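It should be emphasised that the depicted structure is a prediction, and the values quoted were computed from it without experimental measurement. Both ligands and their constituent atoms are indexed starting at 1 by order of listing.
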Amino acid sequence: MQLMLAPLHGITNHLFRNCLNRHVGSLDAAVTPFLAAVEDAQLNVRKWTDIRPENNVGLEVIPQLMGNRPEAMVDTVRALQGMGYRRINWNIGCPSAQVVRKQRGCGIMPHPDRVEAVAHAVSSQTDCAFSVKMRLGWQSPAEGMEIVERLNAYPLDFIAIHPRLGVQEYTGTPDLPALRLLLDRCRHRVVYSGDVVDLPSYEAIATAFPNLHAVMLGRGILKNIFLAEEIHAGHTIPQDIKRQRFSNFYHDLSDTVATARGKHGALSTLKELWHYFATFVGMSDDELRELLRITDFSDFEQNAGKYLDN
Ligand SMILES: Cc1cc2nc3c(=O)[nH]c(=O)nc-3n(C[C@H](O)[C@H](O)[C@H](O)COP(=O)(O)O)c2cc1C
């Protein structure tokens with residue numbers, strides 16, 4: 001079973017991906033956080049720092065697009081192919097209100113004709129290996145079922161499924177019985193995404209769904225950057241070794257982000273990450289709140305350093 005890094009907008013950008021790959025590895029590919037699909041006239045590929053090939057050496061990257069207009073999707077797919085990408089993913093699972101309101105992300109799931117129009121346009125007008133990342137539906141699993149059946153007619157690379165409804169956002173638990181019904185109807189390779197946080201949760205999914213093509217690691221790998229390595233090894237790495245390696249990873253990451261974004265930009269990126277790293281270093285909620293209140297980069301790094309091993 002392959003392991004992929006899940007896209008987390010604002011978090012799993014190339015700086016994070018490369019740092020993770022330098023210190024841990026063990027991932028077969030990463031789907032990037034979404035880029036907006038636009039028509040040729042609005043395309044500005046120079047703005048796509050995150051997916052520039054020179055920024056993505058060493059880990060296979062699958063750019064993800066957000067959009068709902070077939071022409072915009074085709075134009076953007078072609079631009080990505082021009083940059084050398086063959087595999088491209090389409091986000092129809094994002095539950096954010098402002099995305100859904102525009103019938104993008106999960107907001108397109110109640111409109112299977114629109115989903116099919118994009119799949120048809122991309123598969124008939126380009127030769128990319130197109131994939132879709134979806135939820136069970138926006139309001140009902142019947143929506144996902146309809147989409148899976150429609151997509152069976154198109155040559156997709158894979159369908160990634162996060163088995164929650166859009167209206168749930170991140171609450172509740174993945175609905176595995178509903179996922180099973182979807183898999184029974186799906187003729188494409190399936191990638192699972194959702195709540196894999198440790199070896200037991202990985203093994204539960206891999207055992208329940210042995211035919212999956214891959215499992216995506218998202219919030220779980222942020223809370224334990226060694227998750228993919230542990231899954232491959234089949235056992236956990238001793239905590240003292242992990243803490244030392246995590247410190248090295250963190251110092252590299254904060255230097256890299258500060259160099260690329262400046263200290264102010266780095267502060268907001270690192271604060272986002274510490275919501276997850278706090279779990280790894282065993283920080284209490286109060287300690288995390290205290291850290292996140294700091295507004296000066298050097299003070300922040302000094303305080304964060306107290307939770308690292310060197
Ligand atoms: C902060 C955040 C940002 C996300 N951004 C994206 C995104 O850009 N594209 C996407 O397809 N999914 C996105 N997701 C969903 C994740 O890729 C993943 O499917 C979901 O978090 C469930 O998996 P997990 O429990 O392993 O995190 C995001 C999730 C979070 C929490």
### Query
For His14, does its backbone N or O pair with a side-chain atom of Asp50 as donor and acceptor, under 3.5 Å?
yes
### Query
Which part of Leu8 is near ligand 1, with near meaning a heavy atom under 4.0 Å away: side chain, backbone, both or neither?
both
### Query
Do any N or O atoms from the side chain of Ser268 and from the backbone of Gly265 form a donor-acceptor pair under 3.5 angstrom?
yes
### Task
Just jot down the ligand 1 atoms closer than 4.0 angstrom to any heavy atom of Pro33, in number order.
8 (O)
### Message
Show the atoms of ligand 1 that are less than 4.0 angstrom away from any heavy atom in Arg219.
### Response
21 (O), 24 (P), 25 (O), 26 (O), 27 (O), 31 (C)
### Message
Could you identify the single nearest non-hydrogen protein atom to atom 28 (C) of ligand 1 and state the distance to 0.1 Å?
### Response
Tyr170 OH, 3.4 Å
### Task
For ligand 1, indicate whether the residue Lys133 contacts it via side chain, backbone, both or neither (heavy-atom separation under 4.0 Å).
side chain
### Query
Can you check whether Phe246 reaches Val281 side chain to side chain, under 4.5 Å on heavy atoms?
yes
### Query
What atoms in ligand 1 come closer than 4.0 Å to a heavy atom of Gly218?
26 (O), 27 (O)
### Task
May I ask you to decide if the ring planes of Tyr192 and Phe209 are parallel, tilted or perpendicular, using 30° and 60° as cut-offs?
parallel
### Task
Distance to 0.1 Å, residue and atom name: give those for the protein heavy atom nearest to atom 8 (O) of ligand 1.
Phe34 CD2, 3.2 Å
### Query
Should you measure from each heavy atom of Asp195, which atoms of ligand 1 turn up under 4.0 Å away?
24 (P), 25 (O), 26 (O)
### Query
Between Trp274 and Tyr250, does the ring centroid distance fall short of 6.0 Å?
yes
### Task
Spell out, as yes or no, whether a donor-acceptor pair under 3.5 Å connects the side chain of Gln125 to the backbone of Val122.
no
### Task
Give the numbers and elements of all ligand 1 atoms closer than 4.0 Å to a heavy atom of Gly194.
22 (C), 23 (O), 25 (O)
### Query
So, is Asn91 polar-close to ligand 1, with some N/O to N/O distance under 3.5 Å?
yes
### Non-hydrogen side-chain atoms of Trp138 and Ile92 separated by less than 4.5 Å
no
### Query
For ligand 1, is any non-hydrogen atom under 4.0 Å from His9's backbone (N, CA, C, O), its side chain (CB onward), both, or neither?
both
### Message
Give the atom numbers and elements of ligand 1 that come within less than 4.0 Å of a heavy atom of Ala6.
### Response
17 (O)
### Summary
Closest to atom 13 (C) of ligand 1 by heavy-atom distance, out of Pro7, Ser193, Cys106, is Pro7
### Query
Of all the non-hydrogen atoms in the protein, which one sits nearest to atom 9 (N) of ligand 1, and at what distance?
Gln64 OE1, 2.8 Å
### Message
Less than 6.0 angstrom separating the ring centers of His188 and Phe158, yes or no?
### Response
no
### Test item: Phe277 and Leu288 side chains (from C-beta on) under 4.5 Å apart, heavy atoms
no
